[in-house]
Visitor: 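Take this structure first; my questions come after.
Model, not experiment: these values are computed from the prediction.
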Amino acid sequence: MAREPDSDDWVWRVSIADVSADGPFSALPGVDRWIAVATGAGMALTVDGVDVEVTAESPAFAFDGGAATTCRLLDGPVQDLNLMVRHGGAAGAMEVVWLDGPRSLDGVTVSVVLDGAVAIGGERLEAHDAAIGEVGVVEPLGRARVALISVG
């Protein structure tokens, strides 16, 4: 979806991945990761022996990309939203919010619509659409679930 710089030597990247079966995650040593459920019931993760459940209602989950991580799907396939940031390259954060009214996007690098629709910078964005860069205000068109990602 997006990465900076736009090369294999990225400092940060944001992507949506299909997870269709239980199994291990790829090890990414030297990378901080955040994960959120974009579609589907969710997944139970075991990260270095610690169990956590990640669903569409959960906050984004942050973990070490080098940790031994396995996934068990809760009820069928999911799509997950990932933020990955290389150690020493930048600081990152992902917040998943339900919007019922306008919200400032000050300091937000990437905004990804997960459910519903929003208007950002005069454009309508729907599920899995993203706005990159500081664009002012996000206005939900009805109720919307949005991932707000900051990298700096």
Side-chain angles (χ1 to χ4, degrees), residues 1-4 10-28 30-48 50-87 89-120 124-135 137-152:
M1 181 182 282
R3 62 186 178 181
E4 185 64 41
W10 48 265
V11 171
W12 63 266
R13 67 177 265 188
V14 174
S15 62
I16 292 179
D18 293 319
V19 183
S20 58
D22 298 348
F25 277 18
S26 300
L28 299 168
V31 174
D32 292 322
R33 290 185 71 172
W34 290 258
I35 193 167
V37 172
T39 63
M43 54 194 141
L45 301 179
T46 302
V47 181
D48 277 346
V50 177
D51 295 329
V52 64
E53 201 168 274
V54 181
T55 69
E57 299 305 318
S58 302
F61 175 66
F63 62 104
D64 181 347
T69 303
T70 59
C71 167
R72 181 181 54 79
L73 298 171
L74 297 179
D75 187 18
V78 301
Q79 290 182 308
D80 62 31
L81 175 66
N82 294 279
L83 166 62
M84 300 180 199
V85 179
R86 291 194 198 275
H87 292 171
M94 182 192 314
E95 177 185 15
V96 177
V97 297
W98 280 99
L99 298 176
D100 291 317
R103 179 161 173 173
S104 170
L105 294 179
D106 290 342
V108 173
T109 307
V110 180
S111 305
V112 182
V113 180
L114 301 175
D115 290 299
V118 301
I120 298 177
R124 180 185 175 95
L125 302 178
E126 297 181 358
H128 298 180
D129 289 340
I132 300 171
E134 294 193 24
V135 291
V137 173
V138 58
E139 176 79 40
L141 305 173
R143 193 158 188 251
R145 185 170 62 108
V146 181
L148 305 175
I149 298 167
S150 302
V151 182

Visitor: Which heavy atom in Val85 sits nearest to a heavy atom in Ala90, and how many Å separate them?
Guide: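 Smallest interatomic distance, heavy atoms only, reads CG1-O, 3.3 Å.
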Visitor: Can you give me the closest heavy-atom contact between Thr39 and Val37, atom names plus distance?
Guide: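 Result for this residue pair: O-CG1, 3.5 Å.
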Visitor: For Glu4, enumerate each residue passing the salt bridge (charged side-chain N to carboxylate O under 4.0 Å, His left out) test, keeping only those at least two apart in sequence or located in another chain.
Guide: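 In terms of salt bridge (charged side-chain N to carboxylate O under 4.0 Å, His left out), with neighbours along the sequence ignored, Glu4 is linked to no residue.
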Visitor: Run the numbers on Val31 and Trp10 for side chain to side chain contact (heavy atoms under 4.5 Å, CB included), then give the verdict.
Guide: CA-CA 11 Å; Val31 174; Trp10 48 265; 4.2 Å; yes
Visitor: As an exercise, state the distance from CD of Gln79 to CG of Leu114, rounded to the nearest 0.5 Å.
Guide: 10.5 Å
Visitor: Starting from the C-alpha separation in whole Å, work towards a yes-or-no answer on side chain to side chain contact (heavy atoms under 4.5 Å, CB included) for Thr109 and Trp12.
Guide: CA-CA 11 Å; Thr109 307; Trp12 63 266; 3.9 Å; yes
Visitor: Rounded at 0.5 Å granularity, tell me how far CZ in Arg13 sits from CG in Leu83.
Guide: 10.5 Å
Visitor: Hey, mind stepping through Val14 and Ile132 against side chain to side chain contact (heavy atoms under 4.5 Å, CB included) and telling me if it holds?
Guide: CA-CA 10 Å; Val14 174; Ile132 300 171; over 6 Å; no
Visitor: Going from CG on Leu125 to CD on Glu139, what distance comes out if it is rounded to the nearest 0.5 angstrom?
Guide: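 One gets 12.5 Å once the value is rounded to the nearest 0.5 Å.
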Visitor: Which value, rounded to the nearest 0.5 Å, describes the distance between Arg33 atom CZ and Asp80 atom CG?
Guide: 7.5 Å
Visitor: Applying salt bridge (charged side-chain N to carboxylate O under 4.0 Å, His left out), can you list everything that pairs with Asp48, at least two apart in sequence or on another chain?
Guide: none
Visitor: Once you round to the nearest 0.5 Å, how far does NE2 of His87 lie from CG of Leu28?
Guide: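 With rounding to 0.5 Å, NE2 (His87) is 10.0 Å from CG (Leu28).
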Visitor: Please table the atom pairs, donor to acceptor, closer than 3.5 Å between any side-chain atom in residues 53-62 and protein atoms at least two apart or in another chain.
Guide:
| unit_1 | atom_1 | unit_2 | atom_2 | d |
| --- | --- | --- | --- | --- |
| Thr55 | OG1 | Glu57 | N | 3.2 |
| Thr55 | OG1 | Ser58 | N | 3.4 |
| Thr55 | OG1 | Ser58 | OG | 3.1 |
| Ser58 | OG | Thr55 | N | 2.9 |

Visitor: Search all heavy atoms of Leu148 against all heavy atoms of Ser111 and return the closest pair with its distance.
Guide: CD2-OG, 4.0 Å
Visitor: If the condition is ring-ring contact (aromatic ring centres under 6.0 Å, His included), which residues does Phe25 pass it with, not counting sequence neighbours?
Guide: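 For Phe25, no residue satisfies ring-ring contact (aromatic ring centres under 6.0 Å, His included) once neighbours in sequence are set aside.
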Visitor: Which pairs count as side chain to side chain donor-acceptor pair (under 3.5 Å) when at least one residue sits in residues 141-152, sequence neighbours excluded?
Guide: Asp100-Arg143, Asp115-Arg145
Visitor: Say you draw a straight line from CD1 of Ile16 to NE2 of His128; how long is it, rounded to the nearest 0.5 Å?
Guide: 4.5 Å
Visitor: Among residues at least two apart in sequence or on other chains, which ones pass side chain to side chain contact (heavy atoms under 4.5 Å, CB included) with Ala27?
Guide: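 For Ala27, the residues satisfying side chain to side chain contact (heavy atoms under 4.5 Å, CB included) (neighbours in sequence not counted) are Pro29.
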Visitor: Please give me the minimum heavy-atom distance between Leu74 and Ala41, naming the atom from each residue.
Guide: CD1-O, 4.1 Å
Visitor: Which pair of heavy atoms, one from Ala17 and one from Asn82, lies closest together, and at what distance?
Guide: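 Distance-wise, the nearest heavy atoms are CB-ND2, 3.9 Å.
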